[in-house]
Amino acid sequence: TAKQRRDGAVVYDAVFDQSSAKSLSLLTELRNAVERDELRLFVQPKITLASGVVSGAEALVRWAHPERGNVFPDQFIPFAEQTGFIRVLTRWVLEQSAMLSRQLAQRGVHLKISVNLSTRDLMDQDLPGKFAEILHRHQVSPGAFCLEITESAIMDDPVRAQHTLERLHAMGADLSIDDFGTGYSSLAYLKRLPVDELKIDKSFVLNMEQDVGDAKIVRSTIDLGHNMGLRVVAEGLESEAVWALLKRMGCDQGQGYFMSRPIPATELGDWIGRWRA
Ligand code: C2E
Ligand code: CA
Ligand code: CA
Ligand code: CA
């Protein structure tokens, strides 16, 4: 993870180190990563809990670094957001996801691809136009996409975020509130924004079988979402027992290691073929 200090310096732990010379080289490396084709699209299936049907997949980026190996997004997404590089990255993910959607449709598989948007993306006035252009080029409909945004990304600049999100939604893409329950506690935006889905953060789901408090939060969130006419998805579903519990609570979809870890996008078609409802 990266932290911005008061003096503006970016501090890293773990894989990427602390000096500003290094973070400058990280930006260069990230820029090169796109050109050198080092980014990889991974996806994690989303399953309808009542039927077991695969209803979507979340796009999650990985960086196949020539020396450092497979780098996880926590190691470079925060940095990409701070430097504005996230806009390039998001476009890459949208492009790859459109290609995946097209390939799956050709195999007769229709599902929604969820793509994560960050604060910077919501401030980007050109994003809706770029999105339309990518969809047109790959002959994919906007309804094949669900765009995930976090509460904090919205609260950074609610007016501009709302404007961008309304444009994307008007085009036909679904909107999802990611990591629901971990961000700002204001529920007002839920009323104002054209949201279709709530995604319950995995921190509440992972241990909900043992932790009564977590189970209560999950149950309340499912009811809140349904009362507002939204689809509710639980992430971090790691066991059959949690699946059963969520299903009993009426949760619509689940995503987690119990069904599948994130896999290379190229393997999704075969994975779906093997998955039995
Ligand atoms: P997220 O959007 O909340 O994504 C869900 C994360 O939970 C993923 O981590 C996924 O691998 C992990 N996960 C899924 N199921 C389980 C489970 O059953 N148990 C546990 N313990 N974890 C599970 P990942 O792929 O490392 O991504 C981390 C974060 O990086 C994402 O959190 C998202 O905020 C960000 N990210 C990833 N790809 C992108 C991207 O393309 N664009 C943007 N803006 N952010 C991205
Ligand atoms: Ca997400
Ligand atoms: Ca999440
Ligand atoms: Ca998260």
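Each ligand, and each atom within it, is numbered from 1 in the order the structure gives.
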For residues [X] and [Y], report the shortest heavy-atom separation together with the two atoms involved.
| X | Y | answer |
| --- | --- | --- |
| P73 | R62 | CD-NH1, 3.3 Å |
| S118 | E81 | CB-OE2, 3.2 Å |
| M208 | D214 | CA-CB, 4.0 Å |
| W243 | L237 | N-CD2, 3.7 Å |
| L168 | F131 | CD2-CD2, 3.7 Å |
| L104 | G269 | CD2-CA, 3.9 Å |

Is [X] in polar range of ligand 1, meaning some N or O pair under 3.5 Å apart?
| X | result |
| --- | --- |
| L117 | no |
| E81 | no |
| E238 | yes |
| R62 | yes |

Short list, please: which atoms of ligand 1 are under 4.0 Å from a heavy atom of [X]?
| X | value |
| --- | --- |
| L237 | 18 (O) |
| E58 | 2 (O), 4 (O) |
| G256 | 15 (N), 18 (O) |
| I86 | 44 (N) |
| D179 | 3 (O) |
| E235 | 3 (O), 5 (C) |
| P262 | 11 (O) |

Donor-acceptor pair, side chain of [X] and main chain of [Y], under 3.5 angstrom:
| X | Y | result |
| --- | --- | --- |
| Q162 | L193 | no |
| K112 | S55 | no |
| S220 | K216 | yes |

- Task: Applying side chain to side chain contact (heavy atoms under 4.5 Å, CB included), run through D124 and T90 and close with a yes or a no.
- Result: CA-CA 11 Å; D124 179 3; T90 298; over 6 Å; no

- Closest to the Ca ion (ligand 3), among the N/O/S atoms of E235, is atom OE1

- Looking at D179, the N, O or S atom sitting nearest the Ca ion (ligand 3) is OD1

With heavy atoms only and a cut-off of under 4.0 Å, state how [X] meets ligand 1: side chain, backbone, both or neither.
| X | answer |
| --- | --- |
| L60 | both |
| Q44 | side chain |
| T90 | neither |
| T150 | neither |
| V93 | side chain |

- Under 3.0 Å from the Ca ion (ligand 2), is there an N/O/S atom belonging to S176? no

- Message: With a 4.0 Å cut-off on N to O distance, would you call E197 and R231 a salt bridge?
- Response: yes

- Message: Salt bridge or not between E238 and K202? Use side-chain N to carboxylate O under 4.0 Å.
- Response: no

Closest to [atom] among [options] (heavy-atom distance):
| atom | options | result |
| --- | --- | --- |
| atom 12 (C) of ligand 1 | K202, R261, Q96 | K202 |
| atom 24 (P) of ligand 1 | G254, A80, P73 | P73 |
| atom 29 (C) of ligand 1 | D74, D121, L41 | D74 |

- Linking I/L/V/M/F/W/Y whenever their side-chain heavy atoms sit closer than 4.5 Å, directly or via other members, would W63 and W92 fall into one cluster? yes

The Ca ion (ligand 2) is nearest to which N, O or S atom of [X]?
| X | result |
| --- | --- |
| D178 | OD2 |
| E58 | OE2 |
| E148 | OE1 |

- With L246 as partner, the option from V233, V218, I200, D252 fulfilling side chain to side chain contact (heavy atoms under 4.5 Å, CB included) is V218

- Can you name the one residue among T221, D179, I177, D178 that meets side chain to side chain contact (heavy atoms under 4.5 Å, CB included) with K199? D178

